[in-house]
Structure formats: structure tokens, C-alpha cells
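Take a look at the structure below.
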Amino acid sequence: MKRGDMEARYNFKEIEPKWQRRWEADELYKVAEDEGKPKFYCLEMFPYPSGNLHMGHVRNYSIGDVVARYKRMRGFNVLHPMGWDAFGLPAENAAIKHGIHPAEWTWNNIANMRRQLMAMGISYDWEREIATCHPNYYKWTQWLFLQMYKHGLAYRKKAAVNWCPSCATVLANEQVVGGACERCGTPVTHRDLEQWFFRITAYAERLLQDLKKLPGWPEKVKVMQENWIGRSEGAEVVFTVAGSGQEIPVFTTRPDTLFGVTYMVLAPEHPLVEELTRGTPYEGPVREFVEAARHLSALDRTATEKEKEGLFIGAYAVNPVNGQKIPIWIANYVLMEYGTGAVMGVPAHDERDLAFARKYGLPVKVVIRPPEGELDAATMAEAYVEPGIMVDSGPFSGLPSEEGKERIIRYLEEKGIGKRRVNYKLRDWLISRQRYWGAPIPIIYCDQCGTVPVPEEDLPVILPEGVEFKPTGESPLKDCPDFVNTTCPACGKPARRETDTMDTFVCSSWYFLRYTSPHSREVPFERDKVDYWMNVDQYIGGVEHAILHLMYARFFTKALYDFGLVGVEEPFQNLLTQGMVLKDGGKMSKSKGNVVSPEDIIERYGADTARLFILFAAPPERDLEWSDHGVEGCYRFLNRVWRLVYNYSGKVRGVEAGQGEIKLGSRADRELYRLIHATIKKVTEDIEERFNFNTAISAIMEMVNGFYHYQDNVPEGEQNLPLVKMGLKNLVTLLAPFAPHIAEEMWQGIGEEGSVHLESWPTYDPQALKTEEVTIVVQINGKVRDRLQVPAGLREEDLKEAVLSRDKIASLLSGQQVLKVVVVPDKLVNIATRQGG
RNA sequence: GCGAGAGUGGCGGAACAGGCAGACGCCCGAGACUUAAAAUCUCGUGGACCGUUUGGUCCGUGCGGGUUCGAGUCCCGCCUCUCGCACCA
């Protein structure tokens, strides 16, 4: 049974692979720079090649493909690439567990996932595919590291790393869950090692400020980054140790409370702690306290309401503004990494300080009083943290505290005992990983010359293949003499290579640039190409990367801008964070046994159905509840579209669908015509303005329903074939970004040439949307009481007249006094009444 | 605790600018086709009530107030859930 080229039955198993092959052979999605067209860079976060696509990927890439295909049809030159975030821990775990080499494991996974992605029919330019574990890629990751080093943005210092005593290995931050080892649950401790860092803190202010330049980002993500950067304004005040005069700078956001300081607290790790207690009776207990704090610090972080523990260390500090002597304590809640590692205690005006002071019987001194009322230091149960009037503060007494802040800062600067300071929570980015499966850090250590960067012409520093994976706690590269032993590029003497590899987030911080010239052997990316394509017009991915990946990529882009390598300061113009795919109200998980495999769905219903369902079930930003019945419904819908097109395919082949000059004889014709144009409008706006693919698809469903209505109710001889043809063309075109294979097949089925994906996106005729008649709702006191049909555009007075003259309304109004009549033309009339009159 | 978002039928979700609440889909029900079933098609489907039918009345968007001719939508006060941050001086 054939009609034209179309089979009676929708056979996705045949048509999907067929069109995928055709697209590839025709290089339909291959793209090059073209100054004649506006460009559009559409990017989805590239996946870690875990081995199999999951529903989150399907969602991510289906959303991206709608955008890419739509923009292409709108005449944009669209870059839509895909690649692999291919370095990382699971590859090594697989090596330890199954004895398979990480490289082999990774490349196998990539091959499988590429096959799965291709089966989804996503419109990628596969010639631009990249994998971060390929030497041609990580050569440039290393090169970029060297640029960072050259510009002083990469440096080495001693730092604590996460250490699992049971596995005897170093852990990445992502492997520490709730202060314990992800694999064995043993509490994680810290070890001090020499580590490489990127100086992201140098960009803290710009990373914060430039968030304002990103109106196309979700507010949520920007707020998360803002919190992460954690800017706070205040002052650094230099206290001195009583007697010795050693300086202890503290950071405070409340310089106005400086006269209320009654004690000082140092972080247990503060270098002065040992110095001040050495040889005193306090030495022993303090050391014990410090040891305990260090030990606990990993778990400490996650404890919700940790009791504040402190200890007096036997020394005193001098408050520089009033010369007062105050005791120095150490406490577990003071962090060495933030500020200066020392805090001034103002119990009257800080919640924590008050709790601490009350617990240890430290004095409380009020220096800010509320605009009305007094505070009693002895009895106050809550710290007064609001602004107020300064009291008991020497020359500053009587000032409003906000003004006092400024005045005290100026005073500190004049006297040289402090200065204005802005502080950030953001820390430098530790990029060293004591791991094998990553890009080697291109550094050589020479006994004579010290730390020497690998010369650029020697890149890449190849990751050697023959290594053993033992849980020694050090990079497996350490046991690979051929790798470690080298000669110093500066003096030629024997030297050792750095054996740590880079955090995988380094690799993913610049991959969007590489896509613009993925095969270049001379440079990481060609300047003219990167200038043509950047920045990414639409970036799409999970919100779990809201901070790390997105912040690092922004940092890289800014640094590369400063190095003169790129012309943009922000990588991603617009960001869409998609919600999770849930099942039974929760995450799909192996332990629950409710994982739905994309491959199974594609096998049973085809890629078009899978894509359609996942786009239809919820708007992209919201979480999506997976429903097998829902998938079934989408499959039914595609079959329904297929049958409609099939029924007409023989009749409309060869019929010209001249958009403008279609004769609309009957009312049914006019209704269908209107429906077609209303659908074009709705679908266009839903995609363009709001990414509401769910409502766009429901509009297409309504169009199909309307089409069936026409088919079933207009006698065959009276059906307007040019109109039908025009409608079917539009229907197929509108469906193309969502269900690309079936659209292509139907396009051919109605006798059209070429690929539907090369067609222009349809435009609607605003005239067509105007109806001749409109339904007016009549309300009395806000309740719907009647409806009437009137010609569209009826004037207010006429409409009012028409409504009030209706028998039904008149009878409803009898015995009522009309207070007011509100008329909304073409929509509604509301009559406000009162009993009686 | 702080910040962000969300609460609408049996379910997923619509309602874009304050104007017919529940589009579209699922589930469920009835009918058509069929020897039968599946598939498909058509119709119905928020709740309560009234009416012999056409139809009609009342209630209804987490809760309580308010503004308005009119509130899912705006304002005030609460409740619940999700996510993120959480001793940051």
C-alpha cells in the first residue's frame, strides 16, 4: 500500500536511520563562517562519557536541537557542536575495578555514546567533535596553563588536600560527600602537599560585576555565583600583641563597633598561636585543642549547628583605637582561609560573638544604641546588629553608626592602624589532582633552575600509557620513570616532571573556544574564527554546574581576553538551565530500579517520539516527571499526523500552495486558514520568546485536530486542496525542529523537494488572525451570565447597547439598580448592580 | 537562619498585559468500526446540586485578609514543599 512515496504506516525504524544517513551524506549540518548571514552559536554542555546516554542528556540535547534547527530556519548560520569531557575519575576507577585501561574505557564509551546521540538525530556538525583526553586537545589545555603561568595566574603553594586513610588515596573535592569518602565512607582528613592554583581571586570583582552584563542568565544562577564570590566591605584593623608588639590584623565589616571589642579570637591554624604559647603553661592544652580542631575540620564544615568551642591562650592584644587590653582566644569557628584568620569579638553587636562571650563569661560592651531605647549589656539576650547611634566610642560617640563606619575607616587610615578593605569568600582554584587520567601539568623541576615551564614547542606533555593503578596516594605517574625523568629545558641537566594532572574543570573551561577551529595544530583556536563565532548565543545545561563550571569558564574567558587571545569578556550570552528528569517524584536511580533507558525508548517508539515527549511534558526549566503513558500519547500523536499527511499525500502532490492567493470559499476554509496562521504565530512566539516547547507542541496538536475536523466535515469534492497543501507544508515545517525525521519523510510525502530543514521558518499573516465575529462574555457582578456573538471591532457604546437590549440580561437586571457597566471591546461586558432601584 | 523558586482536576501541565480557570496530553467512561480484540475515530470527563430536554445554580487555583466592576494573576500576613548557601567576622 503506497501513496506517492509514503507508506501507510509510520515506520520510524526505517525512516530515522535513513534520514540520519542522508543528512550525513549531504553534510546538512556542516557549518563554516559566512559573513553574509547572522551567526548563532548554540551549545549544550558536553557530556562526560560515562558509557550511556541518560534521560537528562536526552532532554538537554533535545532542547538544544530545537533551538539550533529553529535558528537555522530563521536564516542564522548556526554552530552546533558536540564533544566529550573525557578526563576524570570514573575512568580510573574502572581501571582499578575491571583492569581496563582508562583510555580504552573512555574511547569505547565515546563510541557508544556517539552512536546513541546519532540515533537521536541531533543536528550536530560532527566534524567539529572534540575529546578533551585527545593529545590534540590537551596540548592546548597545557598551553593555556603556560599562559596562565606566564601572566602570574598559575602558582604553587602548600595546601591541604583531602585524604582518605582507608583507601590510602587523595580525593578530589567531588569525591568528598558530607566530609566522608564517597567510596568507603571513612571520614576524610587533610594532608599538606605542594599544589598548583589558578589565581581566580584576582578576577573576583570582575566576575561579580559582570554578572550585571548577563540579563540572559537565570537570576538563580547569578545569585548563586554572587554568594559564592561573597564580597563584603569593611576594614582591616591592626591590633598588636600586648608586650611584644606583634601585629594581628583583623577584618571587620563593622568598624563602627571597634570600641566594643572585648576579646580577640584566632583561627586554630593561625601562625601566631604557636608562637604566643610556646614555653607557657598554655602550650599543652592549646596544642591539643588545635589538633582536635584540625582533625575535625572536614566534618566541621557540614555540621549544622556546631557548638562554639574556644580556649584562652594566655596572651593579650591591644585595641588600637582605645589602647584597651583584651584577651586572645582561639576558637573552632574562626577560619584561617577567610579574612586574616583573626576576628575581633564584639558580643553586644554580633550574634556569634554574644553566644561565645556568654558561654565563656567574657565581658559585653554596648557601643551602638537603638534610635529609641537603651541596651543593657548584662542582660541582653540578643545581639543588637541593626544600625543605631554610637555610644561610649570616644570621639565618635553620638554619630549614626552608618556614618561612623566611614569616619572610623578614615581615622584608621590617617593613623596608619588600618585601612579600607573588601574581602571575598572566593578562594583560588586548586587545579592539582594526584591522578592519572587528566592533562599533565606542563612543569619541570630542576635542582638548579627550580620550577621550569615546559617550552611551548615541546607540548603536548603526553600522558604515558603503561602505568599501574595502585592506591598509593600519589599520582600513578610518579611510578613511571620514563615520564618523570627528563632534562631541564633551561640548563639541560637531569630534572623531574610534575606528576600531578589538572582538574577536569580546566579542560571544560575553554572547550567552547576550541569548537570554532577544532582541528588547528598551530593554535588553540584561530582568532578570526573565534571572533566570528563567540560568544555562545545560547548555552544549555543542568543547574548543577551553576557555580563551578560556569564560573571557571567565565574566569578563563576574562583571562584570555586580558592576554589578547579572545575579544569577548563573557563566554555565554544566554543561559538556559534545564530541570531534572524524575520518575515517581524522585531522581531516577539504579538503587530504586526506576531508570528509563533512552535506548529502550528509541527502540520502541523512535527518537522523534522520545524527543517530542521530553519537550512536551514540561517547560525546559522545570523538573520533568517521566511518564510511560505520556510517551505513548506522543507516539499516538505522531501516528495521527502521519495518517493525516498520508491521507492527503496523493491529492496534494503537485498542487501549488501559493500562500497569498488562496481562495477561501467556505467558512470551513476560512477557519482552517485562520488556524494555520494562528498556529504559526503561537509556535514561533513560544520558541522565540519563552522556550515554551510544551505549549508550542500543544498548539501543533490543536492544528492537527483542526485539520482532522476539516477533513471529516468538508465533503471531499469541496476540500480546498491549495489551502490543504499550504497547511500541510506549514504543519510539517513547524514540526521539523521537534521531530526532524518524520517531518523530513512527510515533506517528501507531500511532494516537496529538498530537506525541510533547509526551509525558511513560516511567517504568519496578521490579517488571517482577525476573526469576523467574536464571543462577548456578559457578567453581572463578575459572574458569567450570558454570551453573545457580535462583529469584531464593535464600538464600546454599540456593544453596551447590544448587551443591555438582550431579553435575558433585561430579565436578570429587573429589580436591580445598575451602578456601572464596564466594557472591554471584543471581550467582555461586566454590569455592576445593587439590589433594588 | 539567609536567598531563590513553586503550590491550579485523578495525573503532567495551560491561562503571555487583571477579563470565560483547567488549553494540550495522560488516565477513565460511552459510542462507532470489528465475529472478537487491538489499533483507529467520535463524544464526554473539576466538585456539589437543580431540571424531562435545551439548560441552570452554587462552590472551586495552599490558608486568612485587602485592592478592583472583575484576582490563579496585584498588595499585606501566614502555611507547605523543592533547590542553593549556611559559623564568612
Side-chain angles (χ1 to χ4, degrees), chain A residues 9 218-228 230-232 234 250-254 257 265 267 300-308 331-335 337-346 350-353 355-356 423-426 543-544 546-547 579-580 582 585 612-613 616-619 621-634 636-637 639-640 643 682 685-686 689-690 692 694-705 708-709 712 775-787 818-824 826-833:
Chain A
R9 196 172 69 87
E219 206 52 41
K220 174 170 64 164
V221 174
K222 288 191 278 189
V223 168
M224 282 164 77
Q225 293 211 354
E226 227 176 280
N227 291 342
W228 187 261
R231 182 185 202 274
S232 52
V250 303
F251 174 72
T252 177
T253 55
R254 297 293 305 272
T257 63
V265 194
D300 203 17
R301 282 286 174 87
T302 53
T304 357
E305 283 277 314
K306 183 81 188 164
E307 181 72 359
K308 287 160 188 44
N332 55 0
Y333 73 92
V334 177
L335 309 170
E337 308 90 79
Y338 183 78
T340 62
V343 176
M344 62 187 215
V346 188
D350 181 283
E351 221 45 83
R352 267 168 324 172
D353 292 350
F356 192 78
N423 209 35
Y424 301 90
K425 282 196 243 177
L426 184 70
V543 73
E544 66 273 18
I547 296 176
M580 284 189 299
L582 309 176
L612 198 71
F613 168 71
F616 177 64
E621 282 175 295
R622 255 204 252 176
D623 286 348
L624 179 154
E625 174 70 23
W626 182 266
S627 153
D628 292 331
H629 284 304
V631 178
E632 203 94 41
C634 286
R636 265 206 291 273
F637 168 69
N639 275 285
R640 196 168 144 78
R643 272 193 313 277
K682 172 80 175 146
E685 287 173 356
D686 281 351
E689 291 162 23
R690 317 191 295 156
N692 277 7
N694 55 332
T695 49
I697 292 167
S698 70
I700 298 174
M701 288 171 168
E702 284 179 80
M703 183 183 185
V704 171
N705 291 344
Y708 267 99
H709 194 76
D712 296 344
T775 306
I776 301 295
V777 169
V778 184
Q779 299 179 333
I780 295 173
N781 296 326
K783 296 197 170 170
V784 180
R785 285 291 179 262
D786 195 14
R787 285 183 179 101
V818 174
L819 296 174
K820 190 173 177 182
V821 180
V822 179
V823 181
V824 183
D826 287 349
K827 271 209 175 119
L828 145 158
V829 174
N830 190 11
I831 306 163
T833 70

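Bear in mind the structure is a predicted one, so any value in this text is a computation, not a measurement. Throughout, a chain's letter reflects where its sequence line sits, starting with A, and its residues are numbered from 1.
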Who are the side chain to side chain contact (heavy atoms under 4.5 Å, CB included) partners of [X], not counting sequence neighbours?
{"X": "Val343(A)", "result": "Val334(A)"}
{"X": "Asn705(A)", "result": "Arg640(A)"}
{"X": "Val784(A)", "result": "Val777(A), Gln779(A), Arg787(A)"}
{"X": "Ala342(A)", "result": "Ile248(A), Val250(A), Leu266(A), His270(A), Thr340(A)"}

All N/O contacts under 3.5 Å from nucleotides 58-61 of chain B to the protein, with atom names and distances to one decimal?
| from | atom 1 | to | atom 2 | distance (Å) |
| --- | --- | --- | --- | --- |
| rC58(B) | OP1 | Arg785(A) | NH2 | 3.3 |
| rC59(B) | OP2 | Lys783(A) | NZ | 3.2 |

Original post:
When you look for runs of 3 or more Watson-Crick or G-U pairs in a row, both distances below 3.5 Å, which of them include RNA chain B?
Top reply: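 B:1-7 with B:79-85, B:10-12 with B:24-26, B:28-32 with B:40-44, B:46-50 with B:55-59, B:62-66 with B:74-78 - these are the stems of 3 or more pairs that involve RNA chain B.
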
Under the rule for ring pair (Phe, Tyr, Trp, His ring centres under 6.0 Å), what residues qualify as partners of [X], not counting sequence neighbours?
{"X": "Phe616(A)", "value": "none"}
{"X": "Trp626(A)", "value": "Phe613(A)"}
{"X": "Tyr338(A)", "value": "none"}

Original post:
Among all residues two or more places apart in sequence or in another chain, which pass the side-chain hydrogen bond (donor to acceptor under 3.5 Å, both in side chains) test with Glu685(A)?
Top reply: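 Checked Glu685(A) against side-chain hydrogen bond (donor to acceptor under 3.5 Å, both in side chains); matches are Lys681(A).
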
Subject >> Protein-to-nucleotide contact annotation, 5' to 3' order, nucleotides 37-51 of chain B [B base; S sugar-phosphate only; - none; under 4.0 Å, heavy atom] >> reply: ---SSS---------

**OP:** List the protein contact pattern of nucleotides 8-19 of chain B with one symbol per nucleotide (5' to 3'): B for base contact, S for sugar-phosphate-only contact, - for none; contact means a heavy-atom distance under 4.0 Å.
**Re:** ----BSSSB--B

Original post:
Does Lys308(A) make a cation-pi contact with Tyr333(A), if we ask for NZ or CZ under 6.0 Å from the ring centre and within 45° of the axis?
Top reply: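 So Lys308(A) does make the cation-pi contact.
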
